[in-house]
Participant: 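Here you go, one structure.
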Amino acid sequence: MTQRHQRHPRRRRGLAGLALTAGAALALTACSGGAGTDAEAGAGSEAGGTTASAAQPRVALTYDGGLLVLDADTLEQRADIELAGFNRVNSSGDGRHVLVSTTDGFQVLDTGAWTTADGEHRVAEPELTDLVFDAPTPGHVVRHGDKTILFSDGTGETTVFDTADLLDASSTGELPETEQIPAPEAHHGVSIELEDGTLLTTIGDSEGRTGVRALDADRDEVARSEECPSVHGEGTTADEVAVFGCSDGVLVYDDGTFTKLPAADAYGRTGNAYVTDSSPVMFGDYNSDPDSEGYELTQLTMVDTAAKSSSVVDLPEGVAYTWKGVARTADDDVLVLGTDGALHRLDGQTGEATDSWPVIDPWTGPAEWQDSHPSLTVVGDSAYVTDASTRSIHRVDAATGEVLASAELPAAPNEIAVVTG
């Protein structure tokens, strides 16, 4: 049986370069009691911050040298936080915090807007806290059910905590208790905990990755499959069926059993899964050319996890995308941000293209995957599109394609995360 233990991840103090710029700090001071807030609550109230009349969703963006926090409705800037290095962002799932992948681990960014357990909406100044989930070479962040799952590529260790327990971290100064599950070897991997306590975690080492194993709630291994070379990415579809991408297809885990669905081509790599909890159909990026250069793709894989079948979907002629340009909508359809600058909507059951809306100028894929280039994320009814070349961001109605808000940014945006406030 794999050993388990609980501990509080370290709280780091005195980190350099995390101060708000002077202008942003002044703006934040002004906005903390501005429109949509109730100054009577005061910053000294038990929940912290001030009361807002409605939820205040936030957008977190990375750029070369820092982080931006925006109002998710108006796209007005709320903070500009200096942070050196190539940093990645993921929503923690609690509606308030974003986890920033830094050299030390998963560092907690307080976006400054949240809803309390009793339904009260609060706002405060955004802050990159000194709270860090230790993780040498932090990797994937997965949110599923009431858990948030972190994977450390540097150790192979998985960290699991109750998502809701993070909500008070900024006010208490303490991270939630966690469970750490070690791996036999360090590798670039991913884990997910299902609602019955089963942990699905990748198999690999420094030389490569081969598959996925299932650990029960006591962390004993109960199943494994090593039929998934170069395993990367995960998703969970309706009825909690999990999917993982492979270089020759997709691996499906359903009710204790792994099933390999071969790709349509001898080499058919899927590295990212785009899923919803309400649809059995998974879409994934698809590359059938092992010698391809660059990161532009023109096909998607479509997997019916109920029927255990897969097929390949061709995008409209002249349309390509990257891994940052696919998202699912609230009604289970698919949006693709094409290199033609348009958002293309696909039927979530058939993959058929149904609508297309121009949003940004045509663009080309990056030379390296880390390079800034247009990206897409969907939260609720809104699709957020970033454009590195024009240093801009747009909020688009995901159902109609109408551009609802746009903003110029002080730097080229790279990664994006949205929290609900």
Side-chain angles (χ1 to χ4, degrees), residues 1-2 4 139-145 147 149-151 153 156-158 160 179 181-205 207-288 300-312:
M1 179 173 125
T2 303
R4 294 195 293 169
H140 286 278
V141 176
V142 173
R143 302 165 300 278
H144 182 68
K147 303 286 188 180
I149 305 98
L150 316 177
F151 194 93
D153 291 351
E157 184 177 71
T158 298
V160 182
E179 178 192 4
I181 304 97
E185 299 281 351
H187 63 282
H188 176 55
V190 65
S191 297
I192 179 172
E193 182 174 286
L194 304 181
E195 293 187 13
D196 66 357
T198 299
L199 186 81
L200 301 175
T201 185
T202 50
I203 302 167
D205 56 28
E207 301 300 318
R209 306 178 301 278
T210 59
V212 181
R213 60 193 183 120
L215 310 181
D216 64 16
D218 292 324
R219 301 316 181 214
D220 292 319
E221 185 175 307
V222 293
R224 73 161 48 204
S225 172
E226 296 200 49
E227 294 186 271
C228 193
S230 302
V231 57
H232 188 274
E234 65 73 43
T236 309
T237 64
D239 299 321
E240 213 174 25
V241 179
V243 289
F244 296 83
C246 318
S247 61
D248 59 356
V250 171
L251 188 65
V252 178
Y253 180 85
D254 184 6
D255 195 24
T257 301
F258 286 105
T259 302
K260 176 63 176 292
L261 302 180
D265 303 277
Y267 177 85
R269 182 182 186 275
T270 293
N272 297 277
Y274 309 102
V275 299
T276 71
D277 291 337
S278 52
S279 171
V281 180
M282 163 243 180
F283 284 79
D285 52 1
Y286 189 76
N287 179 14
S288 61
L300 294 166
T301 186
M302 184 174 70
V303 175
D304 186 330
T305 61
K308 304 296 186 293
S309 63
S310 66
S311 58
V312 174

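The structure presented is a predicted model; accordingly, all values stated were derived computationally and were not measured.
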Participant: What residues form a side-chain hydrogen bond (donor to acceptor under 3.5 Å, both in side chains) with Thr236, not counting sequence neighbours?
Facilitator: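 Testing Thr236 for side-chain hydrogen bond (donor to acceptor under 3.5 Å, both in side chains), a comparison that skips the adjacent residues, returns none.
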
Participant: State which residues pass side-chain contact (heavy atoms from CB on, under 4.5 Å) with Ala307; sequence neighbours excluded, sorted by chain then number.
Facilitator: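 Once residues adjacent in sequence are excluded, the partners of Ala307 under the side-chain contact (heavy atoms from CB on, under 4.5 Å) criterion are Asp304, Ser309.
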
Participant: Applying salt bridge (Lys or Arg N to Asp or Glu O under 4.0 Å), name anything that partners Glu226, two or more places apart in sequence or on another chain.
Facilitator: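 Scan of Glu226 (salt bridge (Lys or Arg N to Asp or Glu O under 4.0 Å), adjacent residues dropped) gives Arg224.
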
Participant: Check this for me: does any side-chain nitrogen of one of Asp248 and Arg269 sit under 4.0 Å from a carboxylate oxygen of the other?
Facilitator: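 The answer is no: the pair does not qualify as a salt bridge.
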
Participant: May I have all residue pairs that pass disulfide (SG to SG under 2.5 Å) and include part of residues 246-284, sequence neighbours excluded?
Facilitator: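 Qualifying pairs, neighbours excluded: Cys228-Cys246.
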
Participant: Which residues pass the side-chain contact (heavy atoms from CB on, under 4.5 Å) test with Glu227, sequence neighbours left out?
Facilitator: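 side-chain contact (heavy atoms from CB on, under 4.5 Å) list for Glu227, sorted by chain: Ser225, Lys260.
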
Participant: Any ring pair (Phe, Tyr, Trp, His ring centres under 6.0 Å) pairs touching residues 214-268, not counting sequence neighbours?
Facilitator: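 Qualifying pairs: His140-His232, His188-His232, Tyr253-Phe258.
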
Participant: Salt bridge (Lys or Arg N to Asp or Glu O under 4.0 Å) with Asp239: which residues, sequence neighbours excluded?
Facilitator: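 By the salt bridge (Lys or Arg N to Asp or Glu O under 4.0 Å) rule, Asp239 matches no residue at all.
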
Participant: Mind checking salt bridge (Lys or Arg N to Asp or Glu O under 4.0 Å) for Glu193 and listing every partner two or more places apart, or none if nothing turns up?
Facilitator: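 Salt bridge (Lys or Arg N to Asp or Glu O under 4.0 Å) check on Glu193 returns Arg219.
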
Participant: I'd like to check the side-chain contact (heavy atoms from CB on, under 4.5 Å) partners of Ser288; sequence neighbours left out, ordered by chain and number.
Facilitator: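 side-chain contact (heavy atoms from CB on, under 4.5 Å) list for Ser288, sorted by chain: Asp265, Tyr286, Gln299.
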
Participant: With Glu195, which residues qualify under side-chain contact (heavy atoms from CB on, under 4.5 Å), at least two apart?
Facilitator: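 Residues passing side-chain contact (heavy atoms from CB on, under 4.5 Å) with Glu195: His144, Glu240.
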
Participant: Identify, with sequence neighbours excluded, every residue that meets ring-ring contact (aromatic ring centres under 6.0 Å, His included) alongside Phe283.
Facilitator: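 Scan of Phe283 (ring-ring contact (aromatic ring centres under 6.0 Å, His included), adjacent residues dropped) gives none.
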
Participant: Can you pull the ring pair (Phe, Tyr, Trp, His ring centres under 6.0 Å) pairs that have at least one residue in residues 209-230, sequence neighbours excluded?
Facilitator: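 Sorted result for residues 209-230: empty, none.
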
